[in-house]
Amino acid sequence: LRKRSCPSSYRSSKQQEWKSGDAKKAPKSRAWLQLAKTIGTHYDRGGNKETALPYLLEAGRQAAHRYATREAIGLLERVRQSAQETGETARAAEACEILGDLYPRVEGYGPKVWFETWHYVLTHVDPAVDPVRVARAAIHAAYARAVDHELEDARQLLAQAESLMGAEH
């Protein structure tokens with residue numbers, strides 16, 4: 001049954017493409033999403049977390065794009081945890097950015113969780129390399145602090161974002 005729905009030659013060619021980090025260029029069909037999720041889960045459960053990361057990250061990204069928020073959160077939290085365990089902070093920060101956008105949409109994740117997620121991005125992305133990304137994280141972290149009635153912290157984060165963006169923005 002599996003071979004009819006997804007031939008092994010297709011699976012192996014897509015695995016090579018995804019392993020090479022080219023998952024963003026892969027086709028975005030529902031079958032591809034399920035395949036990425038299946039392969040990522042397989043590697044994750046098998047203990048090969050580094051290989052699972054690109055698959056799970058792409059599956060989480062696509063689930064978020066489909067507004068399958070709870071599924072996306074589950075996948076991206078696995079990515080974040082595995083990336084932190086393996087030392088791949090860039091992937092963890094990318095997962096945190098998506099999680100930071102998703103958490104406010106669902107009950108059960110309050111402003112402390114929002115802040116923690118955006119704070120990870122703030123502390124693991126180099127502002128010299130990507131100041132816009134860090135400024136965005138600072139703005140979202142400030143929003144989380146404001147919702148949590150930590151206004152002085154929110155002001156400091158907004159000042160940090162403003163200093164990163166400069167006068168031209």
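What you see is a predicted model, and the numbers here were worked out from it, not measured in a lab.
Under the 4.5 Å side-chain heavy-atom criterion for ILVMFWY residues, a single connected hydrophobic cluster contains both Ile73 and Ile98. Put simply, Phe115 and Tyr120 are part of two different groups of oily side chains (I, L, V, M, F, W, Y) that touch within less than 4.5 Å, one to the next. Cluster membership check: Leu102 shares its hydrophobic cluster with Val113, using side-chain heavy-atom separations under 4.5 Å among Ile, Leu, Val, Met, Phe, Trp and Tyr. At a threshold of 4.5 Å between side-chain heavy atoms, the hydrophobic network of Ile, Leu, Val, Met, Phe, Trp and Tyr places Leu99 and Val106 in one connected group. Under the 4.5 Å side-chain heavy-atom criterion for Ile, Leu, Val, Met, Phe, Trp and Tyr, Trp118 and Leu122 are members of the same hydrophobic cluster.
Judged by distance alone, the side chain of Trp114 and the main-chain N or O of His140 form no donor-acceptor pair under 3.5 Å.
For the atom pair CZ (Arg155) and CG (Leu157), the distance works out to 12.0 Å, reported to the nearest 0.5 Å. With rounding to the nearest 0.5 Å, the separation of CD in Gln62 from CG in Leu75 is 11.5 Å. Rounded to the nearest 0.5 Å, atoms CD (Glu85) and NZ (Lys49) are 5.0 Å apart. Interatomic distance, CG of Leu53 versus CG of Asn48, reported as 9.5 Å (0.5 Å rounding). To the nearest 0.5 Å, atoms CD (Gln81) and CD (Gln84) are separated by 8.0 Å. If you take CG on Leu57 and OG on Ser82, they are separated by 11.5 Å, rounding to the nearest 0.5 Å.
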Legend entry - salt bridge (charged side-chain N to carboxylate O under 4.0 Å, His left out) between Arg145 and Glu116, intermediate numbers included: CA-CA 10 Å; Arg145 283 300 194 209; Glu116 178 188 305; over 6 Å; no

Inset, instruction - Go through the steps for Arg136 and Asp101 under the test salt bridge (charged side-chain N to carboxylate O under 4.0 Å, His left out), then give the verdict. - result: CA-CA 11 Å; Arg136 179 176 181 265; Asp101 289 334; 2.7 Å; yes

Inset, instruction - Could you walk me through whether Arg78 and Thr41 pass side chain to side chain donor-acceptor pair (under 3.5 Å), step by step? - result: CA-CA 10 Å; Arg78 280 173 44 198; Thr41 302; 3.2 Å; yes

Legend entry - Full working for salt bridge (charged side-chain N to carboxylate O under 4.0 Å, His left out) between Glu71 and Arg66: CA-CA 10 Å; Glu71 178 185 355; Arg66 289 185 293 114; 3.2 Å; yes

Inset, instruction - Would you sort out whether Glu94 and Arg91 count as a salt bridge (charged side-chain N to carboxylate O under 4.0 Å, His left out), showing the intermediate values? - result: CA-CA 5 Å; Glu94 189 175 347; Arg91 287 190 205 261; over 6 Å; no

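In Tyr103, the OH atom is crowded: over 12 heavy atoms of neighbouring residues, nucleotides or ligands sit closer than 6.0 Å.
The minimum heavy-atom distance between Pro111 and Val147, with the atom names listed, is CG-CG1, 3.8 Å. Taking each heavy atom of Ala161 and Ile139 in turn, the nearest pair found is CB-CG1, 3.7 Å. Residues Lys37 and Leu56 share a closest heavy-atom pair of O-CD2, 4.3 Å. Between Val125 and Ala93, the shortest heavy-atom contact is CG2-CB, 3.9 Å. For the pair Arg80 and Ala92, the tightest heavy-atom approach, listed with the atom from each and the gap, is O-CB, 4.2 Å. Contact record, Leu76 with Ala95: O-CB, 3.9 Å, taken as the closest heavy-atom pair.
Checked by atom type, the side-chain pair Gln160/Gln156 shows no donor-acceptor distance below 3.5 Å.
For residues 105-115, every residue pair satisfying the salt bridge (charged side-chain N to carboxylate O under 4.0 Å, His left out) rule, not counting sequence neighbours, is listed here: Lys112-Asp148. Pairs of residues two or more places apart, or lying in two chains, never qualify as ring-ring contact (aromatic ring centres under 6.0 Å, His included) while including a residue from residues 67-89.
One finds a salt bridge joining Glu97 and Arg133 here, because a Lys/Arg side-chain nitrogen approaches an Asp/Glu carboxylate oxygen to under 4.0 Å.
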